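In what follows, a structure is listed as structure tokens, so that the remarks can point back to it.
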Amino acid sequence: MKKILIFLLAAVLFAGCATVKQAANLKNCTYALKSVEVTDVGLTALNFTITIAITNPNKKEPAKLKRFVGELTANDDKIADVTLSDIEIAPASTYPAKAKVSVPTITLGSKLLGLLAMGSGTVDYHLTGTMYFEGPMGVEIPLPVDMGRVGSYN
């Protein structure tokens with residue numbers, strides 16, 4: 001009975017160490033708002049594809065993102081909430097995480113709507129949120145991130 005208990009304890013500790021290692025990998029990742037593209041302009045909504053480049057600098061271990069919850073703004077006006085889930089970034093690589101967002105035109109200011117619809121002018125995008133990774137025993141560990149991109153809409 002003692003051997004089984006010791007074996008179970010060792011397995012739990014090993015799993016905990018692996019999870020802590022994955023958490024450290026995610027913490028070392030870099031996040032960049034790669035692009036915000038208007039994919040469709042309608043009378044009632046604008047559809048966007050948002051690409052976040054997540055770079056894992058670790059050369060041996062993948063980084064596993066449980067979920068991301070954030071807010072996209074353009075020229076300091078809130079556009080939409082952005083979510084991602086269950087992403088694994090291979091070692092020494094960059095993963096282009098994509099989120100599709102549909103925004104009702106009524107929620108956008110007229111000046112911002114004109115800039116986005118016509119592709120003219122400069123739009124300052126900003127994405128702020130929290131990356132969550134799974135910690136020991138299923139606990140989610142938050143990591144705040146703040147990304148910005150200055151430029152045209154694509």
Side-chain angles (χ1 to χ4, degrees), residues 15-154:
C17 289
T19 304
V20 169
K21 193 174 195 180
Q22 289 173 1
N25 288 345
L26 192 62
K27 182 182 176 193
N28 293 331
C29 288
T30 58
Y31 309 93
L33 183 58
K34 184 77 173 171
S35 66
V36 178
E37 297 177 26
V38 177
T39 56
D40 186 37
V41 178
L43 293 176
T44 59
L46 268 77
N47 296 320
F48 296 90
T49 298
I50 299 159
T51 305
I52 301 169
I54 305 172
T55 303
N56 180 5
N58 191 309
K59 295 182 182 183
K60 295 182 181 180
E61 298 290 327
K64 294 181 181 179
L65 172 68
K66 183 74 175 164
R67 66 186 171 102
F68 168 76
V69 178
E71 182 178 277
L72 178 70
T73 60
N75 292 350
D76 296 325
D77 291 332
K78 179 182 176 182
I79 292 184
D81 294 319
V82 179
T83 59
L84 299 168
S85 62
D86 297 322
I87 296 173
E88 183 171 321
I89 305 96
S93 67
T94 299
Y95 182 85
K98 295 187 183 263
K100 294 187 184 290
V101 177
S102 183
V103 181
T105 54
I106 194 110
T107 63
L108 298 172
S110 60
K111 180 180 175 188
L112 181 60
L113 181 59
L115 290 172
L116 294 172
M118 303 305 286
S120 60
T122 299
V123 180
D124 297 333
Y125 295 100
H126 204 77
L127 183 61
T128 305
T130 305
M131 300 280 181
Y132 292 90
F133 50 94
E134 194 168 326
M137 300 182 3
V139 175
E140 286 187 346
I141 301 171
L143 176 67
V145 293
D146 192 13
M147 301 170 259
R149 180 175 183 279
V150 177
S152 63
Y153 74 92
N154 55 11

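The analysis underlying the following values was restricted to heavy atoms, covering all of them including side chains, and did not include hydrogens, waters or symmetry mates. Source: prediction; values computed, not measured.
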Distance in Å, Lys66 NZ paired with Tyr132 OH, rounded so as to fall on 0.5 Å steps
13.0 Å
Sequence neighbours excluded, the answer for side-chain hydrogen bond (donor to acceptor under 3.5 Å, both in side chains) partners of Glu71 is none
Non-hydrogen atoms of Thr39 and Phe48 that approach each other most closely:
OG1-N, 3.9 Å
Heavy-atom closest contact (Gly70 atom, Leu127 atom, distance)
C-CD1, 4.4 Å
Applying side chain to side chain contact (heavy atoms under 4.5 Å, CB included) to Ser102 and not counting sequence neighbours gives Ala45, Asn47
Residues in side-chain hydrogen bond (donor to acceptor under 3.5 Å, both in side chains) with Asp146, at least two apart?
His126, Thr128
Non-hydrogen side-chain atoms of Ile54 and Phe68 separated by less than 4.5 Å:
no
Dump the intermediate steps for side-chain contact (heavy atoms from CB on, under 4.5 Å) on Asn58 and Asn28, then the final yes or no.
CA-CA 8 Å; Asn58 191 309; Asn28 293 331; 5.9 Å; no
Nearest atoms (heavy-atom pairs only) where Met147 meets Ile52
SD-CG2, 3.7 Å
For the atom pair CG (Asp40) and OG1 (Thr49), what is the distance rounded to the nearest 0.5 Å?
10.0 Å
From CA spacing to verdict: side-chain contact (heavy atoms from CB on, under 4.5 Å), Asp81, Val69:
CA-CA 7 Å; Asp81 294 319; Val69 178; over 6 Å; no
Donor-acceptor pairs are to be reported for all side-chain atoms of residues 86-97 against protein atoms at under 3.5 Å, with residues two or more places apart or in another chain.
unit_1, atom_1, unit_2, atom_2, d
Ser93, OG, Ala90, O, 2.7
Thr94, OG1, Thr55, OG1, 2.9

One should read off an interatomic distance between Ile79 CD1 and Leu46 CG, to the nearest 0.5 angstrom, of 8.5 Å
So which heavy atom on Ala80 is nearest to which on Val103, and how close?
CB-CG2, 3.8 Å
Closest approach of Leu65 to Met131 (non-hydrogen atoms, all atoms of both residues)
CD1-SD, 3.5 Å
